[in-house]
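Read through the structure below, which is laid out as structure tokens, and then see the notes.
Each chain gets a letter, A, B and so on, in the order its sequence line appears, and its residues count up from 1.
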Amino acid sequence: AQRVTQPEKLLSVFKGAPVELKCNYSYSGSPELFWYVQYSRQRLQLLLRHISRESIKGFTADLNKGETSFHLKKPFAQEEDSAMYYCALSVYGSARQLTFGSGTQLTVLP
Amino acid sequence: EAGVTQFPSHSVIEKGQTVTLRCDPISGHDNLYWYRRVMGKEIKFLLHFVKESKQDESGMPNNRFLAERTGGTYSTLKVQPAELEDSGVYFCASSQSQGAGNTIYFGEGSWLTVV
């Protein structure tokens with residue numbers, strides 16, 4: 001069975017500092033990886049997916065199959081980035097059941 | 001366009017009572033999912049509907065949980081009888097299709113507290 005691990009429950013950085021939220025996964029096949037974000041009092045929303053290879057709100061994430069990682073990075077954190085971030089995996093090409101990590105609460109300090 | 005809508009947003013019930021959560025997916029989305037996050041745990045998949053059919057219900061914890069999607073539109077998730085460990089947030093989500101690149105949209109969640 002697939003598993004997603006986010007080792008940091010809480011992460012605090014200062015505004016303007018780089019931020020990296022870690023995500024490791026275990027799955028023997030070809031997964032599809034996502035980052036979801038939940039801002040305070042808002043719904044869970046897709047931030048980015050690995051197949052798109054895009055940058056959203058300055059965030060990027062690269063799938064590293066050798067290290068089975070999909071870390072989320074941003075070079076200069078902003079206060080509005082403070083939120084709960086979830087890494088998630090789905091089995092590529094099949095029903096869209098998502099397996100979530102436990103989430104990382106990011107706080108960007110002024 | 002309206003997003004995924006869930007009702008009620010919060011519910012407090014006593015152990016042994018019944019609660020029914022409702023989800024209205026985005027119009028035209030055939031795929032509807034239920035997830036939940038109980039205290040201190042990850043968000044976990046419960047089940048997946050394609051139109052009115054249950055595609056995958058492998059995540060349903062036990063037979064106290066019953067999900068329906070009559071007519072392939074809105075869905076209900078009933079917990080009967082509720083237990084203390086059922087407390088948490090129940091998320092509904094929908095998507096247009098299952099293919100790669102398709103986005104799953106989440107509702108705001110229904111907070112359930114069993115006392």
Problem - Contacting region of Gln38(A) [heavy-atom separation from chain B under 4.5 Å] - result: side chain

Exercise for the section: May I ask you to check whether over 12 heavy atoms, not counting those of Tyr105(B), lie within 6.0 Å of atom OH? Expected result: no

Exercise for the section: Quick one: pull up CD1 in Ile104(B) and CZ in Phe34(A) and give me the separation to the nearest 0.5 Å. Expected result: 6.5 Å

Practice task
Nearest 0.5 Å please: distance from the CD atom of Gln55(B) over to the CD atom of Gln97(A).
Solution key: 11.0 Å

Exercise for the section: Answer yes or no: are there more than 12 heavy-atom neighbours, outside Lys54(B) itself, under 6.0 Å from its atom NZ? Expected result: yes

Completion exercise
Interatomic distance, CD@Glu108(B) vs CG@Leu44(A), rounded to 0.5 Å, equals 11.5 Å

Practice task
Using modelled atom types only, decide if a donor and an acceptor are shared between the side chain of Tyr35(B) and the backbone of Leu98(A) within a distance under 3.5 Å.
Solution key: yes

Handout entry: Residues, nucleotides or ligands: over 12 heavy atoms within 6.0 Å of Tyr39(A) OH
Key = yes

Exercise for the section: May I ask you to name which of Ala88(A), Gly103(A), Gly101(A) has the most heavy-atom pairs under 4.5 Å with chain B? Expected result: Gly101(A)

Handout entry: Neighbour count above 12 (heavy atom, 6.0 Å) for Glu80(A) CD
Key = yes

Handout entry: Donor-acceptor contact present, side-chain Arg43(A) to main-chain Val4(B), <3.5 Å
Key = yes

Practice task
Verify the cluster assignment for Phe7(B) and Val89(B): are they in a single hydrophobic cluster under the rule of side-chain heavy atoms below 4.5 Å apart?
Solution key: no

Exercise for the section: Give the cluster check for Leu46(A) versus Tyr33(B): same hydrophobic cluster or not, with ILVMFWY residues linked at side-chain heavy-atom distances below 4.5 Å. Expected result: yes

